[in-house]
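Presented below is the structure to which this report refers.
Hydrogens, waters and symmetry mates play no part in the numbers below; they use all other heavy atoms, side chains included. This is a predicted model, so every value here is computed, not measured.
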Amino acid sequence: MMRRRDFITLLGGAAAWPVTARAQQPAMPVVGYLSARSPQDTAHLAEAFRRGLAEAGFVEGQNVLIEYRWAFGQHDRLPGLAADLVRNPLTVLVTTGGEVAALAAKAATSTIPIAFIVGTDPVKLGLAASYNRPGATGINILTNSLEPKRLELLRELVPQASAIGALFDPSFLAYEDQFRDVREAARALDLQVHELRASTDAEIDLAYETVARQRIAAVTVTAGPFFDTRRDRLVALAARHAVPTMYHFREFPAAGGLMSYGVDNRVTYRQIGVYAGGILKGAKPAELPILQPTKFELVLNLKTAKALGLKVPLTMQVAADEVIE
């Protein structure tokens with residue numbers, strides 16, 4: 001594996017946390033951790049979160065407790081998990097894996113500070129009042145707005161394709177925006193788009209059977225926590241049907257997928273850990289600006305490209321932040 005990416009910086013940087021702790025703070029504060037994904041596919045990200053907490057002076061089991069809840073990509077579980085979490089004496093509630101988790105947390109409590117990771121505008125969602133003085137705070141990784149760029153990069157790698165499949169999770173909150181963006185980008189690229197929908201494992205299998213039956217030249221898998229929890233299944237199906245596929249996080253090409261374009265989530269989760277640690281020290285979420293990434297990474301798996309018979313342009317290899325060989 002050859003790495004070629006610069007460190008992703010986030011707007012705002014780390015805040016200078018107040019040194020005065022909250023009055024009557026319990027000896028062992030509790031962090032609620034609500035994830036739309038699973039512990040298996042996010043073990044490295046949870047570790048990055050704990051590393052951020054440690055940078056702020058908090059080590060799990062030593063001077064902070066973490067209560068974890070996982071939805072395993074099933075959005076309808078999140079409201080119940082959030083309600084269960086806030087029954088604990090939480091000092092801060094952290095949500096990861098998208099908008100539904102953050103909205104579930106907001107609906108569950110109006111008193112516990114919330115720090116979220118979302119992929120779209122939190123002000124538009126009603127999660128925050130503004131980016132500079134937000135109320136609830138966190139990071140917008142912008143991943144849902146990157147679907148047009150992913151389609152453009154996939155077309156560059158498979159220039160002969162006149163039609164591309166786009167796999168959506170119709171139960172995902174951002175689905176309609178994703179569909180609109182992909183359709184408009186395809187029109188600009190003079191591409192036909194086959195809409196593929198999947199919210200279950202069986203529907204993922206059927207989607208790739210459709211790809212094979214209709215001889216669709218390439219597929220872009222849109223961002224969403226359900227697909228993140230099915231990473232290995234998606235990569236295996238793309239390999240079985242020999243279809244070039246674009247993804248949204250580097251974990252996919254690292255697992256054998258062809259390519260991805262998006263943020264390095266290890267940086268994002270570390271930063272939300274730093275934010276959570278600051279809140280534990282007494283920082284007010286309303287005074288912590290919502291962060292956004294300033295750089296995105298293109299990751300290519302040349303071994304997979306070779307297996308698919310693809311010739312990756314040298315310009316794309318040079319532009320890539322990470323090339324897996």
Side-chain angles (χ1 to χ4, degrees), residues 34-46 68-78 81 95-101 104 117-120 141 143-144 146-147 150-151 154 164-179 182 194-213 216 218-266 268-269 299 301 304 307-308 324:
L34 178 64
S35 174
R37 296 171 61 176
S38 72
Q40 291 79 16
D41 81 280
T42 59
H44 62 301
L45 301 179
Y68 299 92
R69 298 292 185 276
W70 311 91
F72 293 87
Q74 299 174 31
H75 313 297
D76 57 351
R77 295 186 61 193
L78 286 161
L81 293 171
T95 75
T96 68
E99 296 72 22
V100 181
I117 298 175
V118 294
T120 193
I141 61 175
T143 190
N144 295 324
L146 297 177
E147 303 298 352
R150 295 185 187 107
L151 194 66
L154 183 60
I164 287 179
L167 182 62
F168 299 91
D169 173 7
S171 70
F172 185 42
L173 185 65
Y175 157 67
E176 291 185 2
D177 289 340
Q178 290 175 323
F179 179 70
V182 168
H194 293 270
E195 182 187 2
L196 307 165
R197 299 185 182 188
S199 298
T200 66
D201 290 339
E203 288 172 348
I204 289 176
D205 295 343
L206 285 173
Y208 271 90
E209 289 175 12
T210 300
V211 169
R213 184 172 61 254
I216 297 172
V219 169
T220 181
V221 176
T222 60
F226 172 67
F227 294 145
D228 293 330
T229 63
R230 269 57 178 184
R231 179 175 61 237
D232 291 342
R233 189 184 202 93
L234 288 163
V235 169
L237 284 167
R240 182 186 309 166
H241 294 288
V243 57
T245 304
M246 163 66 85
Y247 307 95
H248 43 285
F249 293 141
R250 71 170 298 280
E251 288 87 348
F252 287 88
L258 176 62
M259 63 193 304
S260 67
Y261 184 74
V263 300
D264 184 341
N265 255 338
R266 296 167 297 185
T268 305
Y269 277 64
V299 181
N301 189 317
T304 300
L308 292 169
I324 300 169

Derivation and outcome, salt bridge (charged side-chain N to carboxylate O under 4.0 Å, His left out), residues R233 and D205: CA-CA 9 Å; R233 189 184 202 93; D205 295 343; 3.0 Å; yes
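Side-chain contact between Y208 and L196: absent, with no pair of heavy atoms (C-beta onward) separated by less than 4.5 Å. Under the 4.5 Å side-chain criterion, counting only non-hydrogen atoms from C-beta, R266 is in contact with R250. Using a 4.5 Å heavy-atom cutoff, the side chains of V243 and I216 are not in contact. T220 has its side chain out of reach of Y261: every pair of non-hydrogen atoms, C-beta onward, lies at least 4.5 Å apart. Proximity of Y269 to H44: side-chain heavy atoms (C-beta onward) are nowhere separated by under 4.5 Å. In this structure, L234 and V221 have side chains that are in contact, with non-hydrogen atoms separated by less than 4.5 Å. Between H248 and D228 the shortest side-chain heavy-atom distance falls below 4.5 Å. Residues M246 and I164 are not in side-chain contact: their nearest non-hydrogen atoms beyond the backbone lie 4.5 Å or more apart.
Within 6.0 Å of the CD atom in E176, the count of heavy atoms belonging to other residues, nucleotides or ligands does not exceed 12.
In terms of modelled atom types and a separation under 3.5 Å, the side chain of E147 and the main chain of A223 share a donor-acceptor contact. Remark: the backbone N or O of L167 is paired with a side-chain donor or acceptor of T222 at under 3.5 angstrom. Proximity of a side-chain donor or acceptor of D41 to a complementary backbone N or O of S38 within less than 3.5 Å is detected. Looking only at distances, a side-chain donor or acceptor of E99 sits under 3.5 Å from a matching main-chain atom of T120. The main-chain N or O of G97 is never found under 3.5 Å from a side-chain atom of S35 such that the two would form a donor-acceptor pair.
In summary, the side chains of E251 and N265 do not present any donor paired with an acceptor at a separation below 3.5 Å, with no hydrogens or angles considered. Side chain to side chain, Y247 and R231 fail the donor-acceptor criterion of an N or O pair below 3.5 Å. A donor-acceptor contact under 3.5 angstrom links the side chains of T143 and R150, judged on distance only.
A distance of 12.5 Å separates CG of L78 from CZ of R69, quoted to the nearest 0.5 Å. Remark: F252 CZ to F227 CZ distance equals 9.0 Å, nearest 0.5 Å. In this structure, the separation between CG on D201 and CZ on R230 is 4.5 Å, given to the nearest 0.5 Å. A distance of 12.5 Å separates CD of E209 from CD1 of I204, quoted to the nearest 0.5 Å. Here the straight-line distance linking atom OG1 of T95 with atom CG of L81 works out to 12.5 Å at 0.5 Å rounding. Here CD of Q74 is found 10.5 Å from OG1 of T200. Values are rounded to the nearest 0.5 Å.
Relative ring orientation between W70 and Y68 is described as parallel, the plane-to-plane angle staying below 30° on a 0-90° scale split at 30° and 60°. Ring geometry for F179 against F168 counts as perpendicular: the plane angle is over 60°, on a 0 to 90° scale with 30° as the lower cut.
Of all heavy-atom pairs between L154 and V219, the closest is CD2-O, 3.4 Å. Heavy-atom minimum distance, D232 versus A255: OD1-CB, 4.1 Å. Pairing each heavy atom of H75 with each of S171, the nearest pair is CD2-OG, 3.0 Å. In terms of heavy atoms, L258 sits closest to P244 at CD2-CB, 3.6 Å. Annotation for P225 and R37: closest pair CB-CG, 3.8 Å, computed over non-hydrogen atoms. Closest heavy-atom contact between S199 and E203: N-OE1, 2.6 Å.
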